[in-house]
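To start, the structure itself, in structure tokens.
These figures come from a predicted structure and were not determined experimentally.
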Number of protein chains: 2
Amino acid sequence: MPATDRISQSLTRHGLRQTTVRRAVLQVLAESPYALSGGEIEQQLPPNTDRITLYRTLKSFEDSGLIHRVIDTTDVVRYAACSIECSADAHFDNHVHFKCTNCLHIYCLNQVTIPAVTLPAKFEAVTRDYLLGGVCRECQPA
Amino acid sequence: MPATDRISQSLTRHGLRQTTVRRAVLQVLAESPYALSGGEIEQQLPPNTDRITLYRTLKSFEDSGLIHRVIDTTDVVRYAACSIECSADAHFDNHVHFKCTNCLHIYCLNQVTIPAVTLPAKFEAVTRDYLLGGVCRECQPA
DNA sequence: TGTGAAACGCAATTTAGTTGCATTTAAAAA
DNA sequence: TTTTTAAATGCAACTAAATTGCGTTTCACA
Ligand SMILES: [Mn+2]
Ligand SMILES: [Mn+2]
Ligand SMILES: [Zn+2]
Ligand SMILES: [Zn+2]
């Protein structure tokens with residue numbers, strides 16, 4: 001199945017209408033090996049793509065479980081494509097993220113599950129975000 | 001020992017000069033039960049305190065190990081006072097943070113240490129950030 | 001008390017993201 | 001296939017957060 005068909009199917013499966021911007025944004029995120037900010041996504045879209053539409057697209061993607069926010073230590077919000085089983089009702093991105101201090105990319109470590117912790121009385125956790133900092137595979141000295 | 005003396009000593013201990021803004025900012029953060037953004041700190045400072053000076057103060061505090069960034073899922077940066085043993089050379093804030101979905105405050109759970117994870121080959125972690133989401137102690141239904 | 005580096009404070013600028021509203025369009029109905 | 005309409009778009013204007021440059025002030029040490 002061609003990549004463009006998969007993109008279209010993702011939109012349909014999550015109850016979103018097909019539009020040019022949506023397909024483009026989803027493709028950029030699906031193909032990126034690391035999380036992207038709004039500005040970085042914009043750079044990878046066709047020129048003159050409207051920035052407001054992009055941000056509204058990111059919001060609807062997040063709401064419908066197509067992408068997830070990736071926490072960062074800076075003041076920009078980053079996004080990555082969700083695993084297939086996420087939906088509008090619930091996100092299942094319980095994996096660790098890794099930010100490289102050298103290349104600054106943030107990777108989804110989909111195979112590393114966030115470990116649970118024991119909380120003080122009366123704190124009830126529902127979501128977990130875990131971000132590691134260090135040197136990524138690509139940036140390791142030889 | 002009065003609180004103001006402790007504030008002054010902290011600055012000295014971390015090699016920072018005594019200034020009105022610095023003492024004020026450090027006091028606000030030291031007394032806050034939850035992490036604060038730049039804007040929130042500004043509100044708690046004397047009127048007409050210069051915003052640029054505030055941001056430069058936060059930067060120097062972070063660099064010298066007086067405060068640490070608290071990751072959030074939004075596009076604002078938050079800060080909290082560090083534990084006493086942090087310095088310019090190294091931060092030792094290896095505790096979990098908790099963001100309440102009701103009051104939106106982010107608490108340092110200083111007694112809960114971030115659990116380690118096993119990483120894929122060639123990823124080397126140095127820092128860890130762990131943010132829980134849920135309902136905090138104050139906001140629990142009776 | 002004098003000196004110099006550090007910190008301040010103002011103006012201007014940048015960057016990220018938002019709001020309101022008129023126009024266009026995808027998708028379902030006729 | 002055409003019609004219909006709610007959803008999505010695109011423009012202008014705006015807000016909020018943070019930064020840069022630069023002349024002035026002040027802290028810390030001699
Ligand atoms: Mn991820
Ligand atoms: Mn903390
Ligand atoms: Zn790297
Ligand atoms: Zn709460």
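Remark on DNA chain C: of its neighbouring residues A/Gln18 and A/Val76, the 5'-side contact belongs to A/Val76, judged by nearest-heavy-atom nucleotide. Projected onto DNA chain D by closest heavy-atom contact, B/Gly39 and B/Arg23 fall at different nucleotides, the more 5' of which corresponds to B/Gly39.
Relative ring orientation between B/Tyr107 and B/Tyr34 is described as perpendicular, the plane-to-plane angle rising above 60° on a 0-90° scale split at 30° and 60°.
Looking at every heavy atom in both residues, B/Val135 comes nearest to B/Gln140 through O-NE2, 3.0 Å. Minimum heavy-atom separation, B/Gly65 to B/Cys86: O-CB, 3.3 Å.
The nucleotide whose nearest atom lies closest to any side-chain atom of A/Leu16 is, among D/dA8, C/dG9, D/dA12, D/dA8. Which of D/dT20, C/dA26, D/dC27 sits closest to the side chain of B/Arg17 comes down to D/dC27.
Residue B/Thr19 is classed as a sugar-phosphate contact, given heavy-atom separations below 4.0 Å to backbone atoms only. Within 4.0 Å (heavy atoms only), A/Asp75 reaches sugar-phosphate atoms of the nucleic acid but no base atom. If you check every strand for non-hydrogen atoms under 4.0 Å, B/Arg56 touches a base. Using a 4.0 Å heavy-atom criterion, one finds that A/Arg51 contacts the bases of the nucleic acid, with or without backbone contacts as well.
Here the C1' atom of nucleotide C/dA16 and the CG atom of B/Asp72 are 15 Å apart, to the nearest Å. Nucleotide D/dG10 holds its C1' atom 15 Å from the CG atom of A/Leu45, rounded to whole Å. Spacing between atom CZ of B/Arg22 and atom P of D/dT25 amounts to 19 Å, rounded to whole angstrom units. For the pair A/Glu62 CD and C/dT18 P, the interatomic distance rounds to 10 Å; values are reported in whole Å. A straight line from CD1 of A/Ile52 to P of C/dT19 spans 12 Å, rounded to a whole angstrom. Distance B/Leu58 CG to C/dC8 P: 11 Å, rounded to the nearest Å. Atom-to-atom, CD1 of B/Ile41 to P of D/dA17 comes out at 12 Å; the value is rounded to the nearest Å. In this structure, B/Leu54 places its CG atom 11 Å from P of D/dT19, rounding to the nearest Å.
Note on B/Thr53: a side-chain N or O is less than 4.0 Å away from OP1 or OP2 of C/dG9. Contact between the side-chain N/O atoms of A/Tyr55 and the OP1/OP2 oxygens of C/dG17 is found at a separation under 4.0 Å.
For the 3.5 Å distance criterion, the side chains of B/Thr12 and B/Gln18 qualify, holding a donor opposite an acceptor.
Without hydrogens or angle criteria, B/His68 side chain to B/Phe92 main chain gives no donor-acceptor distance under 3.5 Å.
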